[in-house]
Asker: 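Dropping a structure here in structure tokens format, bear with me for questions.
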Amino acid sequence: MVFHMKTTLNIDQVVMARLKQESARRGRTMSELVEAALRRFLDSEPDRQELPALPQLSSGGSFVDVSNRETLYEAMGER
């Protein structure tokens, strides 16, 4: 069973005029055309834009062996 919802949309008057013309030309309701257009839009793949490469920064290297807990504590002045 298919359920339909009634809703209110604010549509530009030029777009609405074109929708009315197309509805009459095709012999379909405006609701049918809007629903079909929304389905097509929602089912389409989004445009995937390639992201720019992240900048590469030099930190100057590490001063402590981060895998050694004791040297980390000493560097932080906690021991």
Asker: Using side-chain contact (heavy atoms from CB on, under 4.5 Å) as the criterion, list what pairs up with T29, not counting sequence neighbours.
Answerer: S31, E32
Asker: Only pairs at least two apart or in different chains count here, so list each side chain to side chain donor-acceptor pair (under 3.5 Å) that has a residue in residues 13-27.
Answerer: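 Those involving residues 13-27 are E22-R25, E22-R26.
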Asker: Would you please name every residue forming a salt bridge (Lys or Arg N to Asp or Glu O under 4.0 Å) with R40, sequence neighbours left out?
Answerer: none
Asker: Check salt bridge (Lys or Arg N to Asp or Glu O under 4.0 Å) between R39 and all other residues, then give those that pass, not counting sequence neighbours.
Answerer: E35
Asker: Short question: side chain of T71, backbone of V64 - any donor-acceptor pair under 3.5 Å?
Answerer: no
Asker: Who else is in M5's hydrophobic cluster (ILVMFWY, side-chain heavy atoms under 4.5 Å, direct or via others)?
Answerer: none
Asker: Any chance you could pull the hydrophobic cluster mates of L19, using side-chain heavy atoms under 4.5 angstrom and chaining through other members?
Answerer: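 Cluster partners of L19: L9, I11, V15, M16, M30, L33, V34, L38.
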